[in-house]
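We number each residue from 1, following the sequence as shown. The model shown is predicted, which means the values in this text are computed figures rather than measured ones.
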Amino acid sequence: MKIRNASLLDFSRIEQIHREAEARFSTVTPPARLWALVSQTLSALLPLSQETLLYVAEDGGRVVGFVQAWGKPLALRLPAKATALQILNLCVANDADEREVAPRLVEHLCEQAGRNGVNRLFVRLPLDDELLPIFRVEGFRQYATESVLYAEKPKPRSTTVAFGLRPVRGKDGHLLYQLYRKVTPLGVAQLEAPTYKDWRAMRPDPGHQELVDRVEVVGWLGVERSSQGRPHTLAFMALPEDGLAGELADRALAVSEAGPAWSSLRHYDSHMIDALRGRGFTVLLTQALLVRELVVRVPLPEKGLVPSFG
């Protein structure tokens, strides 16, 4: 079996394998099928751009699997300036041995990403996904848990505008990064975004953004309106102030006009999860956030003061 870069001639076979993977969701529970429809982004990212790495496994001249990773570069060129990649897809053909093909694809991706200056690879998978043990064997470790919440007809509880609510302005980036560091456990923040530049590179940019400024920024919401029948995407950051989570949830639903929506929240965002549940959201599934470090960091030796004589 050979692992190589994907070419334009491989796209039809890649799409076929991807459709086979989607068809397998017909045998699982409805929440997992819905999440697959919401989260699959292959069609939007298949064109080989500087932000996408795509490799295929070929056996006997036939493509039997592929792996796809994407990263938002810190500069105009990738992979030289990308420090982290997100694995979006890992699919193996129905007639191939997943236990043989998938590890080879992941191993090749890690090797090539490391050679191109990437420090970390991230992936998110449902806790019961069959690929989870494969990623663990390949050196990925879990650093957080994420709940995906969905509501077909969410119901806001209030139309009252939160005190201090205003649109996000261009100069608010550092204030939002400070909020991120306050609401995120230290170990997770140091892994994902130890610097403002790292945070800017990993952060999505929803179309509509507002924050709550009460001497300091205490909350943020982002709403990305969707089309073609897909749910709206809601994102939040909030300090555990009394009532703040509910105010942010109500405002996000007002912006999205209370249409079908979903939001992914970490295990440490329990106050926001409770606020969304109180407005008609249910947990679709819980997924593990995994990371593999491709660069070994060695701490610098400490310099001690040595007395000088003579």
Side-chain angles (χ1 to χ4, degrees), residues 71-74 83-84 86 120 122 124 143-149 151 154 156-226 231-258 261-279 281 289 291:
K72 185 177 180 181
L74 297 179
T83 59
Q86 180 80 25
R120 299 182 183 94
F122 293 92
R124 40 174 38 92
Y143 68 93
T145 303
E146 188 175 64
S147 294
V148 181
L149 295 99
R157 287 188 172 183
S158 173
T159 58
T160 303
V161 177
F163 171 73
L165 185 73
R166 65 170 175 83
V168 171
R169 298 191 287 260
K171 297 181 180 180
D172 291 328
H174 287 280
L175 296 176
L176 292 176
Y177 178 60
Q178 292 174 13
L179 176 62
Y180 166 80
R181 293 303 298 258
K182 291 175 183 177
V183 303
T184 306
L186 180 61
V188 177
Q190 288 181 336
L191 177 65
E192 288 185 334
T195 67
Y196 174 70
K197 182 184 291 187
D198 294 325
W199 178 75
R200 286 290 301 172
M202 63 162 258
R203 180 173 178 263
D205 292 314
H208 183 94
Q209 300 183 62
E210 295 178 345
L211 58 79
V212 178
D213 191 350
R214 299 172 181 170
V215 181
E216 65 171 338
V217 175
V218 298
W220 168 87
L221 66 90
V223 177
E224 184 177 355
R225 295 196 177 194
S226 189
H232 304 302
T233 302
L234 311 182
F236 304 95
M237 288 191 294
L239 293 177
E241 290 192 0
D242 185 32
L244 177 60
E247 292 173 334
L248 290 173
D250 286 336
R251 177 57 182 170
L253 293 178
V255 172
S256 61
E257 299 178 351
W262 73 276
S263 182
S264 57
L265 295 167
R266 306 286 179 83
H267 63 276
Y268 46 81
D269 296 321
S270 57
H271 52 300
M272 279 303 319
I273 293 175
D274 291 341
L276 291 182
R277 278 179 163 174
R279 287 154 178 82
F281 284 77
L289 275 61
V291 64

| query | Of all residues at least two apart in sequence or in a different chain, which pass the side chain to side chain donor-acceptor pair (under 3.5 Å) check with Ser147? | reply | none

| Partner set under side chain to side chain donor-acceptor pair (under 3.5 Å) for Ser270, not counting sequence neighbours | none

Would you please name every residue forming a salt bridge (charged side-chain N to carboxylate O under 4.0 Å, His left out) with [X], sequence neighbours left out?
X      : answer
Arg214 : Glu241, Glu247
Glu224 : none
Arg279 : Asp250
Asp213 : Arg166

| task | Show your reasoning for whether side-chain contact (heavy atoms from CB on, under 4.5 Å) applies to Leu211 and Leu175. | result | CA-CA 10 Å; Leu211 58 79; Leu175 296 176; 5.8 Å; no

To the nearest 0.5 angstrom, please state how far the [atom1] atom of [X] sits from the [atom2] atom of [Y].
X      : Y      : atom1 : atom2 : value
Leu234 : Phe281 : CG    : CZ    : 5.0 Å
Leu191 : Leu186 : CG    : CG    : 11.0 Å
Leu253 : His232 : CG    : NE2   : 10.0 Å
Leu179 : Asp172 : CG    : CG    : 11.0 Å
Ser263 : Glu146 : OG    : CD    : 8.5 Å

Quick one: side-chain contact (heavy atoms from CB on, under 4.5 Å) partners of [X], sequence neighbours excluded?
X      : result
Ala235 : Trp220
Thr195 : Lys197, Asp198
Thr145 : Gln142, His267, Thr286
Ala245 : His271, Met272, Ala275

If you look at every heavy atom in [X] and [Y], which pair is closest and at what distance?
X      : Y      : result
Leu276 : Ala249 : CD2-CB, 3.9 Å
Gly173 : Trp199 : O-CZ3, 3.5 Å
Leu244 : Val218 : CD2-O, 3.2 Å

| query | When you look at Val212 and Leu221, which way does the side-chain contact (heavy atoms from CB on, under 4.5 Å) test go after all the steps? | reply | CA-CA 9 Å; Val212 178; Leu221 66 90; over 6 Å; no

| field | Evaluation steps, side-chain contact (heavy atoms from CB on, under 4.5 Å), between Thr233 and Trp262 | value | CA-CA 5 Å; Thr233 302; Trp262 73 276; 3.3 Å; yes

| task | Assess whether side-chain contact (heavy atoms from CB on, under 4.5 Å) is satisfied between Arg251 and Leu248, documenting all intermediate values. | result | CA-CA 5 Å; Arg251 177 57 182 170; Leu248 290 173; 5.8 Å; no

| query | Do the side chains of Thr184 and Tyr268 get nearer than 4.5 Å, heavy atoms only? | reply | yes

| field | Partners meeting ring pair (Phe, Tyr, Trp, His ring centres under 6.0 Å) with Phe122 (sequence neighbours left out) | value | Tyr143

| Using the ring of each side chain (for Trp, its six-membered ring), is Tyr177 parallel, tilted or perpendicular to Tyr196, with breaks at 30° and 60°? | perpendicular

| request: Output every pair passing salt bridge (charged side-chain N to carboxylate O under 4.0 Å, His left out) with a member in residues 179-195, not counting sequence neighbours, ordered by first then second residue. | output: Lys182-Glu216, Glu192-Arg266

